[in-house]
Amino acid sequence: MAIDTPGTRSDLAPALEVQHVGKTYISRRHRIEAVGDLDFAVRSGEFVCIVGPSGAGKTTILRCIAGLLAPTTGAIFLGGSRVDGPPTDLAVVFQEYGRSLFPWMTVRQNIEAPLKAKGLARSERDRIASEAIAAVGLDGSGDSYPWQLSGGMQQRTAIARAVAFEPKVLLMDEPFAAVDAQTRADLEDLVRNVWERLGVTVVFVTHDIDEAVYLGDRVLVLSKSPTYVLDDITVPLPQQRDQLATRSLPEFADLRARVYARIQEAKKRNPSELVETA
Ligand code: ADP
């Protein structure tokens, strides 16, 4: 994060800028243009959901934002600083909670690990971890190991670890795809609550249209690969969301229908380019 005086670029810059990003995977036999030209910005504190057909490059773009993959063309900026490796003020929650937690550490130790790496004193780590454990409803499970917990509780631990770190930007890659429907609804509300309380910027990838509309302030619909932004939809639903009331609103049904229609369109456009190179 650049240290600037007030009013200079990093103050005014959006939390995240994806500027004409393209990503081509090149192997010995194939050249796959996964992401064509993605261009969007996310304001600080915004909750943006990204949807698109399977294989549209959603995971690819998230990995580029997380600094785990380098874009082939274009550039990504976080708080005005160019991403050229994993940024320090960003956290990611993946779908595979089972693999993202350290099995030899308790819930509390998992949450504290990045805080330790940040150099926080023990008392501070204790306090922050206790708050995060309470925030995700895991009171009483702090001393359990991940393998002693249900899938939903493991994912709560991963969310607690990510938010305890107090990142400026939180990336979530289909985080609830592997949990049952009831747990999923609980975790959706948990993430909205945490987002409201902490004011963190969230970029949430999902293939579930209802989830995108329920959670987001904005939904970006991606085209089929090679990807571009097919639609950028503002979600004018009340800030206070409720699984039953919000999903029953006529506006919710309209938004859902619009996103659905765009995804159907996305599936037809842009046949994926698979070019033999050998
Ligand atoms: P999504 O998350 O939207 O399902 P991905 O980002 O996983 O899409 O994949 C986008 C495209 O890039 C797909 O065609 C996929 O096969 C290809 N792809 C993803 N990762 C790799 C890789 N490591 N090597 C080659 N091709 C890849």
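- Electrostatic pairing of Asp217 and Arg43 does not count as a salt bridge here, judged by no charged N lying under 4.0 Å from a carboxylate O.
- With a 6.0 Å radius and a threshold of 12 heavy atoms from other residues, nucleotides or ligands, Arg63 has its CZ atom at or below the threshold.
- The structure places CG of Asn193 at 10.5 Å from CG of Leu198, a figure rounded to the nearest 0.5 Å.
- In this structure, the separation between CD1 on Ile233 and SG on Cys49 is 11.0 Å, given to the nearest 0.5 Å.
- One hydrophobic cluster, built from ILVMFWY side chains closer than 4.5 Å, holds both Val229 and Val21.
- Between Val203 and Ile50 the shortest heavy-atom distance is CG1-CD1, 3.7 Å.
- Linking ILVMFWY side-chain heavy atoms closer than 4.5 Å, directly or via other members, places Val194 and Val202 in a single hydrophobic cluster.
- No donor-acceptor distance shorter than 3.5 angstrom exists from the side chain of Gln95 to the backbone of Ala178, with no hydrogens or angles considered.
- A donor-acceptor pair is defined here as one N or O able to donate and one able to accept, closer than 3.5 Å; no such pair exists between the side chain of Arg31 and the backbone of Thr24.
- Using cut-offs of 30° and 60° for the angle between ring planes, the Phe47 and Phe204 rings count as tilted.
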Report the C-alpha separation of Val35 and Leu222 in whole Å, then their side-chain angles, then the decisive distance to 0.1 Å, and conclude whether the side-chain contact (heavy atoms from CB on, under 4.5 Å) test is met. CA-CA 10 Å; Val35 175; Leu222 302 190; over 6 Å; no
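- The shortest distance between side-chain heavy atoms of Pro175 and Gln155 falls below 4.5 Å.
- In this structure the side chain of Thr227 never reaches within 4.5 angstrom of the side chain of Thr60, judged on heavy atoms.
- At least one side-chain heavy atom of Leu69 sits less than 4.5 Å from a side-chain heavy atom of Tyr25.
- Within the 4.5 Å cutoff, side-chain heavy atoms of Gln19 are placed close to those of Asp39.
- In this structure, the side chain of Thr206 engages the main chain of Asp208 through a donor-acceptor pair within 3.5 Å.
- Counting heavy atoms from C-beta outward, His20 and Thr73 have side chains that stay 4.5 Å or more apart.
- Considering only heavy atoms from C-beta on, Leu138 comes within 4.5 Å of Met153 through its side chain.
- Residues Leu187 and Val179 come closest through the heavy atom pair CD1-CG2, 4.2 Å.
- Judged purely by atom type and a 3.5 angstrom limit, Lys267 has no side-chain atom pairing as donor or acceptor with the backbone of Lys224.
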Given Ile65 and Val83, is the side-chain contact (heavy atoms from CB on, under 4.5 Å) satisfied, shown in steps? CA-CA 7 Å; Ile65 297 171; Val83 174; 5.8 Å; no
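- Side-chain atoms of Val42 and Pro14, non-hydrogen and from C-beta on, never get closer than 4.5 Å to each other.
- The neighbour count for Lys116 NZ, taken as heavy atoms of other residues, nucleotides or ligands under 6.0 Å away, does not exceed 12.
- Considering every non-hydrogen atom in both Pro87 and Gly67, the closest pair reads CD-N, 4.4 Å.
- Listed here is the closest heavy atom pair of Ile128 and Ala164: CG2-O, 3.6 Å.
- The backbone N or O of Glu112 lies less than 3.5 Å from no partner atom in the side chain of Arg125, so there is not a single donor-acceptor pair.
- Here the straight-line distance linking atom NE2 of His207 with atom CD1 of Ile263 works out to 10.0 Å at 0.5 Å rounding.
- Note that CZ of Phe165 is 8.5 Å distant from CG of Leu90, once rounded to the nearest 0.5 Å.
- Taking CG from Asp173 and NZ from Lys58, the interatomic distance works out to 8.5 Å, rounded to the nearest 0.5 Å.
- A pairwise comparison of heavy atoms in Arg127 and Glu131 identifies NH1-OE2, 2.8 Å as the closest pair.
- Ring pair Tyr145/Trp147 is parallel by interplanar angle, where below 30° counts as parallel and above 60° as perpendicular.
- Residues Leu171 and Leu62 share a closest heavy-atom pair of CD1-O, 3.7 Å.
- Other residues, nucleotides and ligands contribute only 12 or fewer heavy atoms inside 6.0 Å of the CZ atom of Arg256.
- Atom CD of Gln109 has more than 12 heavy atoms from other residues, nucleotides or ligands within 6.0 Å.
- Residues Met172 and Leu101 do not share a hydrophobic cluster, defined by chaining ILVMFWY side chains whose heavy atoms lie under 4.5 Å apart.
- A donor-acceptor pair under 3.5 Å is formed between the side chain of Ser27 and the backbone N or O of His30.
- Atom CD of Glu166 is separated from atom CG of Leu115 by 8.5 Å, given to the nearest 0.5 angstrom.
- The closest donor-acceptor contact from the side chain of Ser44 to the backbone of Thr201 lies at 3.5 Å or more, if one exists at all.
- Cluster annotation: Val93 and Val51 are assigned to the same hydrophobic cluster (Ile/Leu/Val/Met/Phe/Trp/Tyr, side-chain heavy-atom contacts under 4.5 Å, transitive).
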Quick one: do Arg156 and Asp186 satisfy side-chain contact (heavy atoms from CB on, under 4.5 Å)? Show the steps, please. CA-CA 10 Å; Arg156 279 173 197 266; Asp186 291 346; 3.6 Å; yes
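- Clustering ILVMFWY residues whenever any of their side-chain heavy atoms sit less than 4.5 angstrom apart, transitively, puts Leu120 in a cluster other than the one holding Val107.
- Using modelled atom types, no side-chain atom of Asp37 and backbone atom of Tyr228 make a donor-acceptor pair closer than 3.5 Å.
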Stepwise side-chain contact (heavy atoms from CB on, under 4.5 Å) check, Leu220 with Phe40: CA-CA 9 Å; Leu220 296 178; Phe40 62 89; 3.6 Å; yes
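- Phe252 is not listed as a side-chain neighbour of Asp254, based on a closest heavy-atom distance of 4.5 Å or more.
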Distance-only donor-acceptor hits, side chain of residues 243-250, under 3.5 Å, sequence neighbours excluded:
from   : atom 1 : to     : atom 2 : distance (Å)
Gln243 : OE1    : Arg247 : NE     : 2.7
Gln243 : OE1    : Arg247 : NH2    : 3.1
Gln243 : NE2    : Ala185 : O      : 3.1
Gln243 : NE2    : Glu188 : OE1    : 3.1
Gln243 : NE2    : Asp189 : OD1    : 3.4
Thr246 : OG1    : Asp242 : N      : 2.6
Thr246 : OG1    : Asp242 : O      : 3.1
Arg247 : NH2    : Glu188 : OE1    : 2.9
Ser248 : OG     : Leu244 : O      : 2.6

